[in-house]
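Each chain gets a letter, A, B and so on, in the order the sequences are listed, and its residues count up from 1.
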2 protein chains.
Amino acid sequence: MARHGFELETFLPYRLNRAAEYVALRFAAQYKARFELTRPEWRTLAALGSSGRMMTATEIGAHSSMHKTKVSRAVFALEQRRWLKREEDGRDRRFEHLALTPAGERAYEELTELAGAYQAELVSMLGKENVEALSAGLRAVERAMRMSARR
Amino acid sequence: MARHGFELETFLPYRLNRAAEYVALRFAAQYKARFELTRPEWRTLAALGSSGRMMTATEIGAHSSMHKTKVSRAVFALEQRRWLKREEDGRDRRFEHLALTPAGERAYEELTELAGAYQAELVSMLGKENVEALSAGLRAVERAMRMSARR
DNA sequence: AATCGATAGTTACGATTGTAACTAATAGGC
DNA sequence: GCCTATTAGTTACAATCGTAACTATCGATT
């Protein structure tokens, strides 16, 4: 039917994007319904919770690939919710050291359960081999990202 | 270092999203620089160009996974640029049949060349086996999308 | 110690997006 | 032949996002 060689269906950027949207939206529906959390907020929570230590906003951005304005807004929202507290650095007052409050920790624990269950659901939906293939492919992209990051 | 099992780095929705963003942005930079095109506009152009026939806005949205408001705006923009023309349906006047103008065709040809070159660059960057693994994984996700689409 | 440049984080602003409401047109039941 | 439900497409509006500009702080150079 197509007059030309090109087909959007076979174009990797398009396929990646569509798959990512689908997979992310299904999970976002869960934590939005459960916690009224946005994606930047969930990522910030995950970064702090999984590291298990205090982090600066810049570190969070680097760890979870978020623009600093996104992190800034997410930190503000989590602080309002009393899930996160800031502590100023005595030596260098530009830094804010961020940590989860006990309430934030509890939310994080629940979220990681949701995430684990969703990942398991993905494996059973896609099949173990397919997930491994996908993961290997993503690993290659991640490698390429790191390569092009260092100029 | 992490106190908990969960790591964002191993969470598929996150990895997929980050990889998709990276791959899409690198390509978007090319067609934005060359044509001042937005992503919805490029997708609309690609849908029309590759099908080689007239399509309605709804068809374009279904074919390229875009919300109808995105399609509507992209169609308007491409029409302003004289890359696309509308033709009304005589029998059912709700439909608009869309087709590329000769200028639109020429732009599409150039864009597919860019796309082909980029896909080739991806293969050489990631390695053929990795692209095939990624593709197999994506195919599984696409299958799951189709499954959950039919209610 | 004064200045310049770099860095952490915030905010103002414009652009883009999706939801929902809207218009216009058709189909199908009665 | 109506009345209702459905569909195609557009638009108003609010939310979200990134760029760029901004404040505040620090280090280094002189």
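- Among the nucleotides dT16(C), dC17(D), dT10(D), the one closest to any side-chain atom of Thr38(B) is dT16(C).
- Using a cut-off of 4.0 Å between Lys/Arg side-chain N and Asp/Glu carboxylate O, Glu79(B) and Arg86(B) are scored as salt-bridged.
- Cation-pi geometry between Arg81(A) and Trp83(A) is met: the NZ or CZ atom falls under 6.0 Å from the ring centre, inside 45° of the normal.
- In this entry the distance linking NE2 of His97(B) with P of dA8(D) reads 12 Å, nearest Å.
- One can place CD of Glu88(A) at 17 Å from C1' of dT7(C), the figure rounded to the nearest angstrom.
- Atom CE in Met66(A) sits roughly 14 Å away from atom C1' in dT16(D) (whole-Å rounding).
- Between the C1' atom of dG18(C) and the CG atom of Leu25(A) lies a distance of 11 Å, rounded to the nearest Å.
- Thr69(B) comes within 4.0 angstrom of a nucleotide base, judged by non-hydrogen atoms across all strands.
- For Ala57(B), counting side-chain heavy atoms from C-beta on, the closest listed nucleotide (dG9(D), dG18(C), dC17(D)) is dG9(D).
- With dG9(C), dC26(D), dT6(D) as the choices, the nucleotide that has an atom nearest any side-chain atom of Arg94(A) turns out to be dC26(D).
- Salt-bridge annotation for Glu41(B) and Arg73(B): absent, with no side-chain N of the basic residue lying under 4.0 Å from a carboxylate O of the acidic one.
- Residues Phe76(A) and Phe95(A) both approach DNA chain C. Their nearest nucleotides, taken by heavy-atom distance, put Phe95(A) toward the 5′ side.
- Checking dT26(C), dT10(C), dG9(D) against the side-chain heavy atoms of Thr58(B) singles out dG9(D) as nearest.
- The pair Glu88(A)-Arg94(A) does not meet the salt-bridge criterion, since no charged nitrogen lies less than 4.0 angstrom from a carboxylate oxygen.
- Judged by distance alone, the side chain of Ser64(A) and the main-chain N or O of Met66(A) form no donor-acceptor pair under 3.5 Å.
- Remark: P of dT10(D) and CG of Leu78(B) are 12 Å apart, rounded to the nearest angstrom.
- As a whole-Å value, the separation of Gln80(A) CD from dT10(C) P is 12 Å.
- One can find a donor-acceptor pair under 3.5 Å joining the base of dG18(C) and the side-chain atoms of Arg73(B).
- One interatomic measurement links the two molecules: NZ of Lys70(B) to P of dT19(C), which rounds to 11 Å at whole-angstrom precision.
- Within the structure, a side-chain polar atom (N or O) of Ser72(A) is placed less than 4.0 Å from OP1 or OP2 of dT10(C).
- Note on His67(B): a side-chain N or O is less than 4.0 Å away from OP1 or OP2 of dT19(C).
- At the heavy-atom level, Arg39(A) lies nowhere under 4.0 Å from the strands shown.
- Separating the CD atom of Glu79(B) from the C1' atom of dG9(D) is a distance of 13 Å, rounded to the nearest angstrom.
- The six-membered or imidazole ring of Phe27(A) lies near that of Trp42(A), with a centre-to-centre distance under 6.0 Å.
- Listed pair Arg91(A) / dG27(D) fails the phosphate criterion, with no side-chain N or O lying under 4.0 Å from OP1 or OP2.
- Of the candidate nucleotides dT26(C), dG18(C), dT25(D), dT25(D) has the atom nearest to the side chain of Asp92(A).
- Residue side chain Arg93(A) does not reach the base of dT25(D) through any donor-acceptor N/O pair under 3.5 Å, judged by distance alone.
- A sub-4.0 Å separation between OP1 or OP2 of dT10(C) and a side-chain N or O of Lys68(A) is absent.
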